[in-house]
Each structure stands twice: as C-alpha cells, then as structure tokens.
Amino acid sequence: FHNPNCADGRHTITHLFEWKWSDIAQECERFLGPYGYCGVQVSPPNENRVVTSPNRPWWERYQPVSYKLVTRSGNDQQFRDMVDRCNKQNIRIYVDVVMNHMTGSGGSGQGTGGSQWDGNSLSFPGVPFSSWDFNDASTCSTSDLNIHNYQNVQEVRNCRLVSLLDLKLSKDYVRTKVVEYLNYLIDIGVAGFRFDAAKHMWPADLYAITGQLKSLNTNYFPSGSKPFIYQEVIDMGNEPIKMSEYFGTGRVTNFVYGAKLSPVFRNQDQAKWLVNWGEGWGMPFSNDVIVFIDNHDNQRGHGAGGAVLTFRDSRRYKMATAFMLAHPYGFTRVMSSYYWDVNYVNGNDANDWIGPPTNGDMSIKDVFINSDLSCGNGWICEHRWRQIYNMVAFRNVVFGTSLVNWWDNGNYQIAFSRGNKGFIVFNLESYNLNTRLQTGLPAGQYCDVISGNYENGSCTGSSVTVNSDGTANFFIPTSAEDPMIAIHIGAKV
Ligand code: QV4
Ligand code: CA
C-alpha cells in the first residue's frame, strides 16, 4: 500500500480540491500529463449531505449519505470518464475516502444523489446503514457521544468527531459495505485512496478492511498492483495516537512537514538547519509519508490549524514548495485551491466554510484557463504556477539521486545538489547572494527553471553557466521576484 503506482518517471500528485470530474479529465489531457504530474487527489466522490446553512460549504462533502457516486463534482458516468481519460494520459486518480462516519447527528433530508438520510434515527437507506452500525454508549463513554479529550484513545476512535455519526468499523457488515465501495472504485481504475480521519479509526479495523481490497484494474496497471493508501493522521507529537501505528496499512500524511518548513521560509527559523531535513528532524522514514506545505483544512484554519504558508503568501509559498520538490524526502503533494475572501473575527476566519466558485444554481463553476496557463473563475491553480510545475519536472529528473553539495552561509542562504542531475539555491537574506558554488553538474549552460521556462532548447528566463569543475556563479538579489535559482540536466541550453 506504500507504492503510489505512478507511471514511470512521475513523482508528484496535486489535490484538485472541489474540481468537477469533467474539468479534471480535461486537466489531465491539457496540463497534468504533459507537465509530468503523477496524479490527482479528488474530493470525496460519494453522495453527501446537502448543507444549506451556511450555503453549500466545502465541508458538506465530509458528511456521507451513501456510496453512490453523485456529488457536485459529477455523477458515476462522469467519474468513470475522468478516470479513464486521466489514466490514458498516465495520470492516476486518488480518492478521498470518508469511512469513519456519515453525516452529523440530527437533521434529515436528501443527499446529493437523492438518497434519504436521518441523523436522528441514524438511518442511511442509500447504503443501507441503521443505528446498529454506529458506535454508541456501549463503545463511547462521553455523555454526548462526542470526542472531547484527544488524550483518550478509546474516545478519539469510538466517539463522534464534531458530532459526525461514528461508524462501527469493528462490525463485519460495516466493513463489507466500505470494502464494496473501495473495490467498486478500484474496478473503475483508481490508483489509491486517502483515508480521511484515519486517527479516528482503529488500525486493526483498517488492517481488516485493506486486507479485502482487490488488486488494481489491469487495463491500466500491472497485474497484482495494490492500491496506494495514505492515511490522514494529524500527529504533531502531543497526543497518544502516533503516525507509526498506521504504517502497516500504508503511508501517513506528515503534518509536521508543512508546520516546520513554513517558519523557515517566513524567516522565523534559520534555513541552515535544513541541512538534515527529513528523518533528521525526527520525522518518519521517507517511504512512510506523503508531504505537502498546506492542505484543504489548514489553509483555512481547520485541522492542525493555520500557521502554514499558503497561496496568499505566494512568494514564500513558491520557495517552500520548490524546496519540498527539490528535496528527496517523502512523496509530494501540491495543493490546488480556489479563492475566498477571508474575514477574521477574533483570530478565526468567519468565511472558512465558503465552498468552491459556483454558478447561480450553486453548481460548481468550470475551471477557466487563461492564455498564460493560469486559471480564472476563482480557481487559484497553484499546480499551474511556473515555479511549481517546473520543480515537479525537476523532481522527476533528479529522482533517485541523493542530496549532496549542501552549502549555507550560516544563516538564510542555502543550496544543494541532487546527485549530478540538479541544483537549487535560495536567498532568504535581506542582502544579495553573490557566490561561486559547487553544483555537481556537468559543464554547460543551464536554464533557471524558476525565472523562466525551457522551451525548444532555449530558456525564457535567466541562464547559469556551469564550469568544467562543476562550479558556477550565482547572483540572487533580495529584490528578485523569486529569490531562488534551480537548474537540472533536463533543461540544458
Ligand atoms: C458542529 C460542532 C459540534 C456540534 C455539531 C452539532 O462543531 O461540536 O456537535 O455542530 O450539529 C462540520 C462543521 C462543524 C459541525 C459538523 C457536524 O464545521 O461545526 O459540528 O460539521 O455537523 C470537515 C471540516 C469540519 C466539518 C466536517 C464535516 O473540517 O469542520 O464539520 O468536514 O462536514 C481533526 C481530525 C481530522 C480532521 C480535522 C478537521 O483528527 O481527521 O479535525 N480532518 C478530516 C478532513 C476534514 C473533515 C474531516 C476530517 C471530517 O480533512 O476536512 O472535516 O470528515 O484534526
Ligand atoms: Ca471512529
């Protein structure tokens, strides 16, 4: 479950948060395939609660009503079309699976696919699940059945996360329904899963469930391939539940990564300490994690909370993302957001619920593509920013090499090579960088893929000359649009 099942030479996924399936299919063909991405994390595809107060928040999709594939992103047929078209471009689809719970308690109605649900009697006929299928006072000991104390493991896993009705995954019937859903997705051709709220599920239950998963669809994958699984466990080191409990069933989301890297690129923690970034900072083994700067929760103060860099601080965000993509640690995910107006009230964003860009009928807006490759219609599309997509390609070129030729100025200027294939240098100082550095690269002229693109053998940005001894002169003024330079052997001019 640890292998992402990427097509050869591809090593990064992007989370196209709240995109429609039809737009993702087009994006695979027009951008993700050609630009070297491995795959896409998609929003939960299963039927969810329709929340109207507030009006259609993004988080309604984390309140399942059934496992039918009908949401604002599209229906079953559109989902299948996306998976097929993306796989044909060598782009994999990873599904966000919400199996810890169904809707919040209380309320009733019809889901996005028309199924009835009742959060008072715990009835979800679209699956079907009934009150027998949920944890209750016999398994959860808090008086309101909600989680209050994250130091109590039993409570975190058997009680309700923010009142979300907690499925009894210890029951064979419940497991069977979840396994049917996952195998249904596997047969369509998905490459793997994000397990939402994994901290709130027992590792033994996940072990039993993953043990019943089919191999991937052989129309797209070698026979016997297992789905890639990455589990959402927010482990900042201060709770009894640890990431390591989940390595038996796949990788884990490493939230420490963005939380500790962001302050460095905000000049709040010297960059020189990144010399032993990764396991050296007490993080798990590289092969047990997926890494990212921000995610859909913490970019709006949910989950592990704020303090991570996001698209709103774009210059620093690009540098942190470039560092992530240049560094060998972890399997990398690039966030791709939509815009919303923040409105801070007492330190919290009162608009943290706002859903994706919509039309008048609340259907999700198409992603519009501008001639300069950027997105319109309210979609941010960080994955289409030059400094980011060129580093996705950098990672593909240098993959498998080790980090060598580390250099720092003792403070906020750093540089390193990836074997003899790539080199990157950052200037986070308030003074210019003007230094001769060992790049480890063969002599020649290289395109700086941060300031420009490598197109048909020439460079639209600045170039770097590597001497026969592997050294090169670097000049990075503090005023540079992006105070960093990256070169690799795939972009030699
Ligand atoms: C509220 C109160 C409750 C109250 C209830 C009464 O908070 O105390 O009992 O009303 O009805 C939404 C609302 C939330 C509401 C809840 C139930 O925001 O206020 O409860 O619905 O109606 C997302 C959002 C949540 C949202 C949820 C379901 O972040 O705000 O809750 O979707 O719509 C921990 C977990 C981690 C989790 C993280 C957010 O360990 O697993 O919190 N992260 C994942 C997802 C995240 C998602 C969920 C889990 C739940 O990444 O996006 O929560 O599926 O750290
Ligand atoms: Ca649970």
Side-chain angles (χ1 to χ4, degrees), residues 15 17-18 41 43-44 46 48-54 56-65 71 96-109 111-112 117 119-120 133-136 139-140 142-171 174-175 178 194-206 209 230-236 238-243 246 252-253 255 259 290 292 294-306 333 335 348-355:
H15 179 196
F17 180 48
E18 287 277 13
Q41 177 183 316
S43 284
N46 63 296
N48 61 265
R49 176 182 189 168
V50 177
V51 174
T52 51
S53 175
R56 310 305 302 265
W58 62 270
W59 46 253
E60 69 171 35
R61 299 187 68 168
Y62 291 90
Q63 300 200 24
V65 164
T71 61
D96 197 346
V97 174
V98 185
M99 59 173 163
N100 173 66
H101 52 262
M102 300 299 279
T103 66
S105 76
S108 65
T112 50
W117 61 275
N120 296 300
D133 302 317
F134 293 86
N135 283 313
D136 55 19
T139 43
C140 161
T142 63
S143 56
D144 59 0
L145 297 181
N146 288 337
I147 300 171
H148 300 282
N149 177 10
Y150 274 80
Q151 300 301 320
N152 181 335
V153 174
Q154 193 89 14
E155 185 173 325
V156 171
R157 289 178 172 149
N158 287 349
C159 300
R160 298 171 180 170
L161 168 62
V162 292
S163 94
L164 298 161
L165 298 172
D166 203 63
L167 283 167
K168 203 177 212 165
L169 288 166
S170 57
K171 246 186 102 171
V174 178
R175 288 179 183 175
V178 167
R194 168 191 185 263
F195 283 176
D196 179 70
K199 179 193 283 183
H200 305 277
M201 301 187 279
W202 293 94
D205 291 343
L206 296 179
I209 287 166
Y230 54 104
Q231 304 158 97
E232 191 227 7
V233 180
I234 304 177
D235 173 7
M236 306 307 283
N238 52 1
E239 292 172 22
I241 295 176
K242 301 293 173 208
M243 285 188 254
Y246 292 85
V252 171
T253 50
F255 281 88
I290 91 152
F292 44 91
D294 60 330
N295 83 339
H296 72 283
D297 283 330
N298 62 19
Q299 69 170 203
R300 46 178 52 70
H302 284 232
R333 178 178 66 190
M335 180 64 201
N348 293 319
D349 177 12
N351 286 345
D352 67 346
W353 60 272
I354 290 183

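As the structure lists them, so they are numbered: ligands from 1, and atoms in each ligand from 1.
- For the pair O of H200 and OD2 of D166, the angle at the Ca ion (ligand 2) is about 160°; rounding is to 10 degrees.
- Looking only at side-chain heavy atoms (C-beta outward), V156 and I241 come within less than 4.5 Å of each other.
- A donor-acceptor pair under 3.5 Å links the side-chain atoms of E60 to the main chain of V51, judged by distance alone.
- For N298 (side chain) and G301 (main-chain N/O), no donor-acceptor pair under 3.5 Å exists by modelled atom type.
- Atom 45 (C) of ligand 1 lies below 4.0 Å from at least one non-hydrogen atom of the protein.
- R333 forms a cation-pi arrangement with F292, by the criterion of a distance under 6.0 Å to the ring centre and an angle within 45° of the ring axis.
- Near N146, with a cut-off below 4.0 Å to any heavy atom, the atoms of ligand 1 are 9 (O).
- The protein non-hydrogen atom at the shortest distance from atom 47 (C) of ligand 1 is Y62 CG, 3.8 Å.
- Salt bridge R194/D96: present, at least one basic N to carboxylate O contact under 4.0 Å.
- When the heavy-atom distances from atom 41 (O) of ligand 1 to M201, E239, E232 are ranked, the shortest goes to E232.
- Looking at H302 next to ligand 1, an N or O pair under 3.5 Å apart turns up.
- Listed by atom number, the atoms of ligand 1 under 4.0 Å from D196 heavy atoms are 44 (C), 45 (C), 48 (C), 49 (C), 50 (C), 51 (O), 54 (O).
- Using the six-membered ring where Trp is involved, W58 and H296 have ring planes that are perpendicular, over 60° apart on the 30 and 60° scheme.
- The nearest protein atom to atom 38 (C) of ligand 1, hydrogens excluded, is given as G303 CA, 3.7 Å; this is a heavy-atom distance.
- With a heavy-atom cut-off of 4.0 Å, R194 touches ligand 1 through its side chain alone.
- If you look at N295 next to ligand 1, there are no close heavy atoms at all, none under 4.0 Å.
- There is a protein heavy atom closer than 4.0 angstrom to atom 21 (O) of ligand 1.
- In terms of protein heavy atoms, atom 11 (O) of ligand 1 is closest to S163 OG, 3.7 Å.
- Between atom 55 (O) of ligand 1 and the options V162, L161, I234, the minimum heavy-atom separation is to I234.
- Polar contact with ligand 1: present for H296 (N/O pair, distance under 3.5 Å).
- Ion pairing of R300 with D349 is absent here, as no side-chain N (NZ or NE/NH1/NH2) approaches a carboxylate O to less than 4.0 Å.
- Side-chain polar atoms of D352 and H302 form a donor-acceptor pair below 3.5 angstrom.
- Here the side chains of M201 and M99 are in contact, with some heavy-atom distance below 4.5 Å.
- In the vicinity of H101, heavy-atom distances shorter than 4.0 Å reach the ligand 1 atoms 50 (C), 54 (O).
- Polar contact with ligand 1: absent for S105 (N/O pair, distance under 3.5 Å).
- At a heavy-atom distance under 4.0 Å, no atom of R61 approaches ligand 1.
- Polar contact check, K199 against ligand 1: no nitrogen or oxygen pair lies under 3.5 Å apart.
- With respect to atom 18 (O) of ligand 1, the closest heavy atom belonging to the protein is W59 CE2, 3.6 Å.
- Checked by distance only, ligand 1 and R49 stay at 3.5 Å or farther apart across all their nitrogen or oxygen atoms.
- Where the criterion is an N or O separation shorter than 3.5 Å, residue side chain and backbone included, W58 fails it with respect to ligand 1.
- Near A197, meaning under 4.0 Å from one of its heavy atoms, ligand 1 places the atoms 41 (O).
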